[in-house]
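What follows is a short report on a single structure.
Each chain gets a letter, A, B and so on, in the order the sequences are listed, and its residues count up from 1.
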Number of protein chains: 2
Amino acid sequence: MPDEDAVVPKVGIRDVARAAGVSVTTVSHVLNETPHTRTSEATRDRVRSIARDLGYTPNRLARGLRTRASDMIGLLTEEIATTPHAGRIILGAQEEASRHNLTLAIINSHLDAGADARRADARALIERQVDGIIYATVFHHEVSVPRELRAVPAVLIGALDRQGVVPAVLPDEASGAADLVALLADAGHRRIAFADSSIEVPATKGRLVGYLRGLEQAGIPRDDQLIASGVSEAGGGYTASLELLDRDDRPSAIFCYNDRMAMGAYRAAQELGLRVPDDVSIVGFDDQAPIAASVHPALTTVALPHYEMGAWAVATLTRLIQSSSTSWYRSTHPTWLPCPVVLRESVAQNNR
Amino acid sequence: MPDEDAVVPKVGIRDVARAAGVSVTTVSHVLNETPHTRTSEATRDRVRSIARDLGYTPNRLARGLRTRASDMIGLLTEEIATTPHAGRIILGAQEEASRHNLTLAIINSHLDAGADARRADARALIERQVDGIIYATVFHHEVSVPRELRAVPAVLIGALDRQGVVPAVLPDEASGAADLVALLADAGHRRIAFADSSIEVPATKGRLVGYLRGLEQAGIPRDDQLIASGVSEAGGGYTASLELLDRDDRPSAIFCYNDRMAMGAYRAAQELGLRVPDDVSIVGFDDQAPIAASVHPALTTVALPHYEMGAWAVATLTRLIQSSSTSWYRSTHPTWLPCPVVLRESVAQNNR
DNA sequence: CCGCTGAGCCAAAACCTTTTGGCAACCCGA
DNA sequence: TCGGGTTGCCAAAAGGTTTTGGCTCAGCGG
């Protein structure tokens, strides 16, 4: 390969124009298929083939400068890139962006870096002239969107705007939890326990609320004896489950706050000589990547729509951008995306 | 907040110049602290404070156009964003980029999308004038780098360039595995089994090689009876471990190809009435996010340096970019980053 | 033969910076 | 008073594209 390290002098639209014997205007029109513009078929073919032969690569920076649109969207993640779920959000956003011919620029802000750092990060994105910004957080708390984000359309993932003015998308954990309870109820379970997380994060609420709603919809009276809690790790699931299972009127099913707690529940069951799912059904929440599928029996759980939220954010953002107008204000309701139940093997028919 | 939705007319360097009563040249010099340039202290203060008051935000697109450097680096991931580990690579790259004042633009290519798609993705990044490209893959196979990548400095993560010309970084799985064996040997284990993956990926090699090297270094003769294999999932770990453990001369420790297989090993041990780690020690590989810590007893394993590889890639890339010259060719040896052992509770002293 | 229309193309401005190559004004020593 | 060296600033070009507002020419109806 002789020409392999030949230095390639960047070829610009001007070079194409010269080679084709037309003006740069014409080349631009042809290559962009500008509507309402007239160029003979012959010329267009010539321009196109010459551009290809020369290996013309448009310079998006220059284009962006002129059109005042960078075709980039910024993804500002607050501590999220650290979590195992992060990838899915990024992936969803990225693929949707690709679909719209946009590129994702990402910055991760550390939670403990403070508001100033976050504003600086937002500014960095804006300096890059991103057409819009996605602000993604781990736990859905209310945030007051940094002022700088107002310079550009923005959407939130996993958080609510305090002013209720920025579109937001969140997982509908309550419905997911309710669905899970419905599943258990349909399998004949009446005594369904909930191993709650003892940590107070807003997400907690949704799961508990959903659990209660599920019971109600199944016509099962609430029984606070069946609600225990522990730290949201395997250890917490273990202790909570032990408490729930180690008595005569033990429940026939345990709904764990998350998959890790469910692992603890498995252990508790095992130690008490109870088999899953034959003696006790166990379900989790999060569909945490390798856990749920690797455990035995495979864990029935609920998946968080990370990918979908990422994609939703980009889609919504592009809509906002298109509708240009300076009025991507006006209050909106947050969008709650469904959390699908993923059926595996940890639930059995109950016949007690 | 009355002025909240006041439309902010973008303020440019020109506005600052006008307000400060100086030329744009001067403003540029002051704000960029251009060396070898003379401006009175007074003027500089004035310019700076006016820029701040006006809320001047430089337009990096315009700057990039002029300086021919976008200060962006492209991260091209091949299917990787899908894996749970992806986040760590992205995070490492992003944080290192931030440190250098660079922004990360990411694109995920699907493995099955074919070479053309991948070239298109590379081109998309180049159109954006990225200063360099990181190409990250899941399994480290040899790749022949798309031609388009030659337009710009590039580095590989998790793969080797077939031509041996592009810098690459990979996890040193062999050493990690050897360390793990050393750990077991130090704990008195002599009969150490290996539950290998039956799938033939290059990564497999490293772990097996490391296992053998570890044995050798510990002065333990190789015994092929102690090597079994199965699919690289919990199921495979289960069957392989059953085979290894269900006999009289069973090993006192099992090194599993990965954490998921280790989960299978746990189950096999449990079914045979063997306790971990008292009766059999088990170790894994990957330090897969929630598994290793949630399992009981917590799994001793080896972590893959994803974060470090991401950071290394960016650091190396910036070095290449700085050294500008068109000669970021010249062959290089790949860099192998250490895989640290992470000690938990699944290894016990052996005294048989 | 004139005027008008539409087809096909183009020159130049604009986008916002950085950077080159100055030019005045001042000071100082001779 | 003049020459030479600083100091402090600036005008204008350049970077690669899109877009506006043309211009020219051919064809056609009158």
Discussion item. Tell me every residue that passes side-chain contact (heavy atoms from CB on, under 4.5 Å) with Thr39(B), counting only those two or more places apart in sequence or in another chain.
Written reply: Thr26(B), Val30(B), Thr37(B), Thr43(B), Arg44(B)
Worksheet item: DNA chain D: Thr26(B) or Ile13(A), which has the more 5' nearest nucleotide?
Response: Thr26(B)
Discussion item. How many whole angstroms separate atom CD of Glu41(A) from atom C1' of dC9(C)?
Written reply: 15 Å
Item to complete: Please state whether the phosphate of dC10(C), meaning OP1 or OP2, lies under 4.0 angstrom from any side-chain nitrogen or oxygen of Ser23(A).
Response: yes
Response to the item:
side-chain hydrogen bond (donor to acceptor under 3.5 Å, both in side chains) filter on Thr34(B), not counting sequence neighbours, yields His29(B)
Worksheet entry | Residue-phosphate contact under 4.0 Å: Thr43(A) side-chain N/O, dG8(C) OP1/OP2 | no
Worksheet item: Hey, which of these two, Arg38(B) or Ala62(B), hits DNA chain C nearer its 5' end, going by closest nucleotide?
Response: Ala62(B)
Worksheet item: Base, sugar-phosphate, or nothing for Arg63(B), non-hydrogen atoms under 4.0 angstrom?
Response: sugar-phosphate
Response to the item:
His29(B) NE2 to dG22(C) P, in whole Å, measures 15 Å
Discussion item. Could you report the tightest heavy-atom contact between Pro334(A) and Leu170(A), atom names first, then the distance?
Written reply: CB-CD1, 3.7 Å
Item to complete: Please work out if Ser28(A) contacts a base, only the sugar-phosphate, or nothing of the nucleic acid, heavy-atom cut-off 4.0 Å.
Response: base
Worksheet item: Is there a donor N/O on one and an acceptor N/O on the other, under 3.5 Å, for the side chain of Arg66(B) and the base of dT18(C)?
Response: yes
Discussion item. Looking only at side-chain N and O atoms, does Ser98(A) offer a donor or acceptor that is under 3.5 Å from a partner on Gln94(A)?
Written reply: yes
Practice prompt. Decide, yes or no, whether a salt bridge links Arg118(A) with Asp121(A) under the criterion of side-chain N to carboxylate O below 4.0 Å.
Written response: no
Discussion item. Please enumerate all residues that pass side-chain contact (heavy atoms from CB on, under 4.5 Å) together with Asn59(A), with sequence neighbours excluded.
Written reply: Leu61(A), Ala62(A), Leu65(B), Gln129(B)
Fill in: Close residues, residues 44-58 of chain B, relative to DNA chain D [heavy-atom separation under 4.0 Å]
none
Fill in: Shortest non-hydrogen contact between Ala313(A) and Ile134(A), atoms and distance
CB-CD1, 3.7 Å
Worksheet entry | d(CG, Leu65(B); P, dT18(C)) in whole Å | 11 Å
Worksheet item: Within the structure shown, what part of the strands sits under 4.0 Å from Arg60(B) by heavy-atom distance: base, sugar-phosphate, or nothing?
Response: nothing
Worksheet entry | Value in whole Å for how far the P atom of dT17(C) lies from CG of Leu61(B) | 10 Å
Worksheet item: With sugar-phosphate meaning primed atoms plus P, OP1 and OP2, does Thr37(A) contact a base, only sugar-phosphate, or nothing at under 4.0 Å between heavy atoms?
Response: nothing
Worksheet item: Does the side chain of Ile90(B) come within less than 4.5 Å of Ile106(A)'s, by heavy atoms?
Response: yes
Fill in: Residue-phosphate contact under 4.0 Å: Asn32(B) side-chain N/O, dT18(C) OP1/OP2
yes
Worksheet item: Who pairs with Asp71(A) by side-chain hydrogen bond (donor to acceptor under 3.5 Å, both in side chains), at least two apart in sequence or on another chain?
Response: Arg60(A)
Discussion item. Counting the atoms with a prime plus P, OP1 and OP2 as sugar-phosphate, which does Thr67(B) contact under 4.0 Å by heavy atoms, base, sugar-phosphate, or nothing?
Written reply: sugar-phosphate
Worksheet item: Between Gln129(A) (CD) and dC15(C) (C1'), how many Å, whole number?
Response: 11 Å
Item to complete: Walk along DNA chain D from 5' to 3' and tell me the first and last nucleotide with an atom closer than 4.0 Å to a non-hydrogen atom of chain B.
Response: dT7(D) to dG16(D)
Discussion item. Counting C-beta onward and ignoring hydrogens, is there a side-chain heavy-atom pair between Arg48(B) and Leu31(B) closer than 4.5 Å?
Written reply: yes
Fill in: Rounded distance (Å) that lies between atom P of dG21(C) and atom NE2 of His36(B)
15 Å
Practice prompt. With heavy atoms under 4.0 Å as the rule, sort Thr39(A) into base, sugar-phosphate or nothing.
Written response: sugar-phosphate
